[in-house]
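Structure first, then comments.
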Amino acid sequence: MVALRIAIADDERDMRDYLARSLPRLGHEVVAAVENGRQLVQAFETQHPELVITDVLMPELDGIDAVQQIWQQSELPIVFLSASQHNERLKSANAEHVIVSLQKPIRLPVLSRAIEIAHGKYLLQTRWLAAGVAGDDARTIHELLESAISMMQQQETLDELGAIQFLEAKQISLDAIRHWPTT
Amino acid sequence: MIDYHTLMQRFYDLQKYVGWQPGDSERIRELAPHIREHFPAIIDDFYLEIERHPEAKRVITGGQPQIDRLKSTLLLWLEDLFSGNYDADYVARHWRIGRRHVEISLLQVYVFAALSRLRQRLTDLVCHGTQFSWDEKAAFLASLQRLLDIDAALIQSAYDEELLSQQQAYERLRSDTLFRNVVDSAGCIMLIVRRNGTIAFANAFADKVAHIVANDQIADHFVNQFVVIEDREKFTAKLQRSLAGETVQDFEACLMNQLEQHHPILWNFRPLENYEEELVVLIVGQDISTLHQAQSQALQAERLAIIGRMSAGLAHEARNTLQRMQACSEMLEFEVGSNREALDLLKRMQTAQDELLSMFEDVKGYAGPVKLDLALHDVRDAWREAWQLLQRERRERDVTFTEHVVCDVSCYIDRFRMTQLFRNLFENSLAACSDPVEISVHCEPTSLHGQPAVQISVCDNGPGLNAEQRQRIFEPFYTTRTRGTGLGMAIAQRIVETHGGTISLGNSRQRGAEIIVTLLLRTSV
C-alpha cells in the first residue's frame with residue numbers, strides 16, 4: 001500500500017471532514033482540504049500533493065476547471081467524486097490524463113481502490129512517457145496504457161487494479177506493449 | 001293514391017283552365033242524342049285500330065272475350081262523357097280509367113293516340129251533322145274539345161301520379177340501400193333490440209367487435225349475453241327507460257365478446273315505434289377502447305416525462321445527500337470503535353441508505369431514457385448472472401432453480417439491462433414464494449412479427465397472480481409488497497419493449513406465476 005500526499009476539495013463540510021479523517025486510516029496524508037477549485041489550485045501550488053481528490057460541482061471554480069489549471073503546471077492523477085455519472089468534459093480530459101471517476105455515494109474501500117488505480121496508472125504513464133520515443137505524446141501513451149490494462153485484464157483474468165499492478169511488477173516495457181500479441 | 005279532395009281541386013282547376021262554362025254541360029247534353037247512335041261504330045273502329053299497333057295490342061291478353069268487355073267499358077265511358085253530369089263521381093270514374101291504363105302498363109302515347117282518334121270521330125260527327133247550323137256546330141265543337149281536354153288531363157294526372165310514386169319508390173329504395181350501406185360500414189355498433197331481448201338487427205361492426213348478430217331466437221336476453229356483469233344493471237335500467245319511450249344519451253358500459261375481451265362503449269338509445277309493428281330500441285354504441293387507450297397512454301407518457309425530469313434532478317441531489325450520510329456514518333464508525341451494538345445500528349443505517357439509493361435508481365431506470373448497448377449474447381448468461389447477483393436474497397432459503405432450454409437463445413441484447421430484467425423477475429418470485437421455492441426458466445422457439453424468436457418463461461411455485469394483479473402488474477408503482485417501489489415489472493416491461501420484444505403473463509405450467517418474455521433471435525433491434 002502506497003502512502004500519498006493528497007489534496008482534497010469538496011464544498012460539503014461533511015465530505016471534507018470525512019476525507020480528512022479517513023484517508024490517514026489508509027496511510028495517506030491529507031495536505032489540504034479546501035472547499036472550491038480556486039483554493040485547490042492554490043493548495044496545489046503551495047503543498048505539491050501527489051494526488052487530488054475533488055468534487056466536480058463547486059462554487060467559484062469547479063473541479064474540472066481547477067484540475068485543468070493544475071495540469072498546465074504539472075501532471076497529476078485525479079480522483080473525481082461526482083453525483084452525476086457521465087460528464088463529457090471529464091471524458092475528453094480522460095484522453096490524456098489519469099482520471100478515475102467515482103459516482104457518489106462512495107464508501108472508503110471503493111475510494112481506496114480508486115486512489116491505487118489512479119496512482120498506479122500515473123506511475124506507468126510517467127515511466128512509459130520517459131521511455132517513449134520522440135513523437136509519443138501523452139495522448140498516445142495514455143491510449144497504450146488503457147489498452148494494455150484491458151489486455152492484461154483479459155489475458156490474466158485480473159481486475160483493473162490487478163492489471164496495473166501486474167504491468168508495474170513485471171516492469172513491462174512500452175515496446176513490449178506495442179508488440180503484444182492480441183489473441 | 002291521390003285523395004278525393006286533391007282530385008276535385010285539380011278537376012275544377014282544369015275546367016277553369018280550358019274555359020269550361022255551365023253552358024258547356026248543357027250543350028253536351030243537347031248534343032248527346034244526335035251522336036249516341038254512332039257509338040258502336042266508333043268503338044269498333046277504335047279496337048280495329050288497336051289491332052294494327054303491336055305495342056298497344058300487347059296489353060290485351062284475354063282475346064275476344066276481353067275485347068268484348070273492353071268494348072262495353074268504352075261504351076259506358078262514352079255514355080258517361082255525354083251525360084252532361086260532371087260531378088265528383090264522374091271525376092272519380094274517369095280518373096280510375098286513367099289509373100287502370102297505368103296499371104296494365106299501357107304506354108301513355110297510345111292512350112293519347114286513342115283519345116285523339118276518338119276525338120276525330122266525334123268531331124267528324126258534329127261537323128257532318130246536317131241537322132246543326134254552323135253556329136251550333138262551332139259551339140258543340142268548342143264544348144266537346146273542352147270536355148275531351150279535361151278527360152285527357154285526368155288520364156294524364158293518373159300517369160303523373162304513377163310516375164311520382166315510382167320516383168318515390170326508387171328514391172326510397174336508393175335511400176334504403178344507402179342507409180344500409182352507411183349502417184353496415186359505420187364504425188359504431190348499431191342494433192335494433194326488441195322488448196323481449198332478441199336482436200332484430202345488428203350491423204357489421206357489432207359482429208366485428210362483439211360477435212353480435214341478429215337473432216330471432218331467444219336463448220338469453222341480449223344484455224346477459226354481451227354486457228359485462230358489472231354494467232348489466234345500469235344497461236337494463238336505461239334500456240327499460242328507452243322502451244318506455246325515452247331517448248337515452250351517452251353513457252358508458254362495457255361489452256364482452258366470446259373471448260371475454262372487454263370493450264368500453266359509449267351508448268345511445270332511441271325508441272323506434274312501428275318497427276315490425278312493435279316498439280323497439282335503436283341502440284348506437286361507439287367503441288371507445290382506442291380512446292381510452294390513447295388517453296391512458298398520453299397520461300402515462302406525461303406522467304413518465306414528469307417523473308423522468310423529477311427523478312433525474314432528485315437522484316442527483318439524493319446522491320450528494322446520501323454521500324454525506326455515508327460520510328458521517330463512516331466517521332461515526334471510527335468513533336464507536338468496538339461497540340458492537342452501535343456498529344450494528346450503523347450497518348442497518350447504511351442498508352437503509354442503500355435501499356434509498358436503489359429506489360432512486362429504479363425510478364430513474366423506469367422513467368429516464370433507455371439507451372441500449374446491444375451485442376450478440378447467449379440470454380442464458382444474463383439470467384445466470386441475475387441469479388448469481390441474488391445470492392444474498394437466496395441465503396437461508398430453500399430454493400431450486402432449473403433451466404429447460406430446447407433451442408437457440410442467442411439474441412442481440414444489452415447484457416446489463418437483460419440481467420436487470422431477469423433479476424427483477426427472480427426477485428419477485430423469491431418474494432412471493434414460500435420455501436421450498438421452485439423457480440424455472442423454459443425456452444422454446446416461437447416467432448415475433450413474423451421473425452424467428454425465442455419465448456422465455458419464468459415460472460415459480462408461489463400463489464400465482466389474482467385478477468387484480470394480472471391486470472395491474474406492469475403498472476408503475478403497483479406493488480403488493482410492503483417494501484419496494486413497485487417499479488420492477490414496469491422496468492422489466494420497458495427493457496423488453498426497448499429490445500423490440502414482448503412481455504406478458506402466461507398460465508403457469510404449475511400453480512404459480514408465469515412471466516413470458518419473447519425476444520427476437522439473432523437480429524439487431
Side-chain angles (χ1 to χ4, degrees), chain A residues 6 8-28 30 33-36 53-59 62-64 79-91 100-115 150 154 157 159, chain B residues 308-338 343 346-373 375 381 385 388 392 414-417 420:
Chain A
I6 299 177
I8 56 173
D10 199 308
D11 56 334
E12 293 286 356
R13 200 194 116 199
D14 293 334
M15 277 309 281
R16 289 197 302 275
D17 284 359
Y18 167 60
L19 294 172
R21 287 208 217 172
S22 55
L23 290 175
R25 290 175 166 260
L26 299 173
H28 305 298
V30 176
V34 299
E35 55 192 81
N36 60 47
I53 299 175
T54 177
D55 189 11
V56 173
L57 290 178
M58 287 184 294
D62 76 17
I64 298 174
V79 175
F80 278 110
L81 303 181
S82 167
S84 319
Q85 200 171 6
H86 305 289
N87 188 314
E88 289 305 315
R89 286 167 70 209
L90 270 183
K91 213 179 262 174
V100 176
S101 235
L102 295 180
Q103 193 182 15
K104 287 179 180 177
I106 49 119
R107 287 185 183 178
L108 200 52
V110 175
L111 181 61
S112 165
R113 220 177 157 68
I115 292 168
S150 69
Q154 279 175 24
T157 38
D159 62 6
Chain B
R309 280 197 299 276
M310 215 174 69
S311 63
L314 215 57
H316 184 267
E317 277 320 300
R319 281 185 172 277
N320 277 322
T321 311
L322 285 165
Q323 175 66 79
R324 285 163 56 202
M325 287 164 73
Q326 176 64 35
C328 291
S329 62
E330 275 189 53
M331 285 190 284
L332 194 57
E333 207 177 310
F334 304 153
E335 299 300 326
V336 301
S338 56
L343 282 173
L346 277 168
K347 190 149 247 129
R348 279 152 66 179
M349 212 167 88
Q350 285 179 341
T351 307
Q353 286 168 20
D354 289 348
E355 277 170 15
L356 194 61
L357 180 64
S358 80
M359 197 180 81
F360 278 118
E361 287 306 301
D362 269 5
V363 176
K364 216 170 82 173
Y366 170 66
V370 178
K371 211 174 147 193
L372 297 180
D373 180 14
D381 294 340
E385 188 186 339
Q388 277 300 313
R392 208 171 58 161
D414 181 316
R415 171 75 186 270
F416 173 77
R417 292 278 180 180
Q420 190 187 1

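The sequence lines fix the lettering, A, B, ..., with proteins before strands; numbering per chain opens at 1. All values derive from a computational prediction rather than experimental measurement.
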| request: Go through the steps to decide whether A:R107 and B:Q350 satisfy the test side chain to side chain contact (heavy atoms under 4.5 Å, CB included), and finish with yes or no. | output: CA-CA 10 Å; A:R107 287 185 183 178; B:Q350 285 179 341; 3.6 Å; yes
| What part of A:R25 is in contact with chain B, defined as an atom under 4.5 angstrom from a non-hydrogen atom: side chain, backbone, both or neither? | side chain
| query | Where does B:E317 contact chain A at under 4.5 Å (heavy atoms): side chain, backbone, both or neither? | reply | neither
| request: Before accepting this row, confirm whether a basic side-chain N of the pair B:R324/A:D10 lies closer than 4.0 Å to the acidic partner's carboxylate O. | output: no
| What part of B:L322 gets closer than 4.5 Å to chain A, counting heavy atoms only: side chain, backbone, both or neither? | both
| What is the minimum heavy-atom distance between A:P105 and B:Q323, and which atoms define it? | CA-OE1, 3.2 Å
| query | Rounded to the nearest 0.5 Å, what separation is found between the CG atom of A:L19 and the CE atom of B:M331? | reply | 9.0 Å
| task | Check each atom of A:L57 against the heavy atoms of chain B and say whether the ones under 4.5 Å are side chain, backbone, both or neither. | result | side chain
| note | Nearest heavy-atom contact between A:A83 and B:R319 is O-CD, 3.1 Å
| Contact check, side chains of B:N320 and A:K104, non-hydrogen atoms, under 4.5 Å | yes
| Is chain A contacted by the side chain of B:E333, its backbone, both, or neither, given a heavy-atom distance below 4.5 Å? | neither
| What part of A:D55 lies closer than 4.5 angstrom to a heavy atom of chain B: side chain, backbone, both or neither? | neither
| query | When you look at CZ of B:F334, are more than 12 heavy atoms from neighbouring residues, nucleotides or ligands closer to it than 6.0 Å? | reply | yes
| query | Distance from A:L108 atom CG to B:Q326 atom CD, nearest 0.5 Å? | reply | 9.5 Å
| message | Nearest 0.5 Å, please: how far is CE in B:M325 from CG in A:D14? | response | 11.0 Å
